Number of protein chains: 2
Amino acid sequence: MNTDNTKSQMRKGMLEYCIMLLLHRQPCYANDIIQRLHEAEMIVMEGTLYPLLSRLKRDGLLAYEWRESTQGPPRKYYTLTADGQEALSQLDASWEEISRTVQFLKQ
Amino acid sequence: MNTDNTKSQMRKGMLEYCIMLLLHRQPCYANDIIQRLHEAEMIVMEGTLYPLLSRLKRDGLLAYEWRESTQGPPRKYYTLTADGQEALSQLDASWEEISRTVQFLKQ
DNA sequence: TACAATACCTTGTATCGCAAGGTACTGAAA
DNA sequence: TTTCAGTACCTTGCGATACAAGGTATTGTA
């Protein structure tokens, strides 16, 4: 059976939220994000992350600045914009709502 | 902006889990499910639900039986199979993991 | 007999995660 | 100088899925 499939489905919708939660605390570039989410037991692939970051940038929720690296090419460090912070607040509310829903259905 | 889109994305992955949580407590037919999830603040469309139920049935997680209705055509009442119960346990674990991830990222 | 209500299902579209592959920059080794 | 490994960013093609819209079938009533 494909519980893995459903499980991955469950994580899908959370990705955007988790990335914004992460960037709320500190600017990160792509590999930072992948690594830190991995530490939080949330697996993300490059092919998933880059388009997602581009989309959030295009929607005005993220901004980035180039920073030199001591080893390798420069990196795009992403941060939340003011709109991004507001969106994050709304997603916080959505998360609470979903938690309440699950709680309600579990009781 | 489309926080609504992201919000809907967040709910998407949870649908299967919520439906199985619901059926764990009592057999339901489609309109039951729509109504009860609505009470739990989880909106589902018919066009989403029917294919999903068919898929879970095909995967052996759900079974159904026809029951007469006092007003209208007979209904398909769905229940969790043994495999479905096991899958639900795994999804419970996935939910806990996601909760921990969000908690971890929020702190 | 016609119609409204109820219930089940299908088709087409858009979105999105993911695997795979590609481009570009940097620094060190040959 | 040239080559190569490492790092970083990005794109393409595919499959899965939610949703809107539309369709079929059964029931009871006017």
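First the proteins, then the strands, lettered A, B, ... as listed; each starts at 1. Since we're looking at a predicted model, the values are computed, not measured.
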Check nucleotides 22-30 of chain C for protein N or O atoms closer than 3.5 Å to its own N or O atoms and list the pairs.
none

Any ion pair linking A/K106 and B/E96 (charged N to carboxylate O, less than 4.0 Å)?
yes

From C/dT10, D/dT11, C/dC8, nucleotide with atom closest to B/A30 side chain
C/dC8

Side-chain N or O of B/K76 less than 4.0 angstrom from OP1 or OP2 on C/dC9?
yes

Just the rounded figure in Å: distance from C1' of D/dC9 to OH of A/Y64.
10 Å

Hey, could you give me the CD/CZ distance between A/Q26 and A/R36, rounded to the nearest 0.5 Å?
4.0 Å

Taking the side chain of A/M45 as heavy atoms from C-beta outward, which of D/dC10, C/dG17, C/dA19 is closest to it?
C/dA19

Name the closest nucleotide to the B/Y50 side chain, picking from D/dA20, C/dC8, D/dT17.
C/dC8

Listed nucleotide nearest any side-chain atom of B/Q9, set D/dT17, C/dC16, C/dC18
C/dC16

Once rounded to the nearest 0.5 Å, what's the spacing between atom OH of B/Y17 and atom CG of B/L22?
12.5 Å

From NZ of A/K7 over to P of C/dG17, roughly how many Å is that when rounded to an integer?
18 Å

Would you mind reading off the distance between A/L56 atom CG and D/dC10 atom C1', rounded to a whole angstrom?
16 Å

Side chain of A/N31 only, heavy atoms from C-beta on: which candidate in D/dT17, D/dA8, C/dC8 is closest?
D/dA8

Between B/I33 and B/L53, is there a side-chain heavy-atom distance shorter than 4.5 Å?
yes

So that I can tick it off, tell me whether B/E65 and B/K76 are bridged by a salt bridge, with the cut-off set at under 4.0 angstrom between side-chain N and carboxylate O.
no

Taking the six-membered ring for Trp and the single ring otherwise, decide whether the centroids of B/Y64 and B/Y78 are under 6.0 Å apart.
yes

Separation of A/L52 atom CG from D/dC10 atom P, in whole Å?
13 Å

What is the distance from CD of B/Q35 to P of C/dT6, rounded to the nearest Å?
11 Å

To the nearest angstrom, the CD-P distance between B/E16 and D/dT17 comes to 7 Å

Taking the side chain of A/L15 as heavy atoms from C-beta outward, which of C/dC18, D/dA18, C/dC9 is closest to it?
C/dC18

Quickly work out the B/I34 CD1 to C/dA7 C1' distance and round it to whole Å.
10 Å

Between A/E41 and B/T101, is any side-chain donor less than 3.5 angstrom from a side-chain acceptor?
no

note: B/Y29, atom OH; C/dC9, atom C1'; distance rounded to Å ~ 16 Å

Return the nearest nucleotide to the side chain of A/R75; candidates are D/dC10, C/dC9, D/dT7.
D/dT7

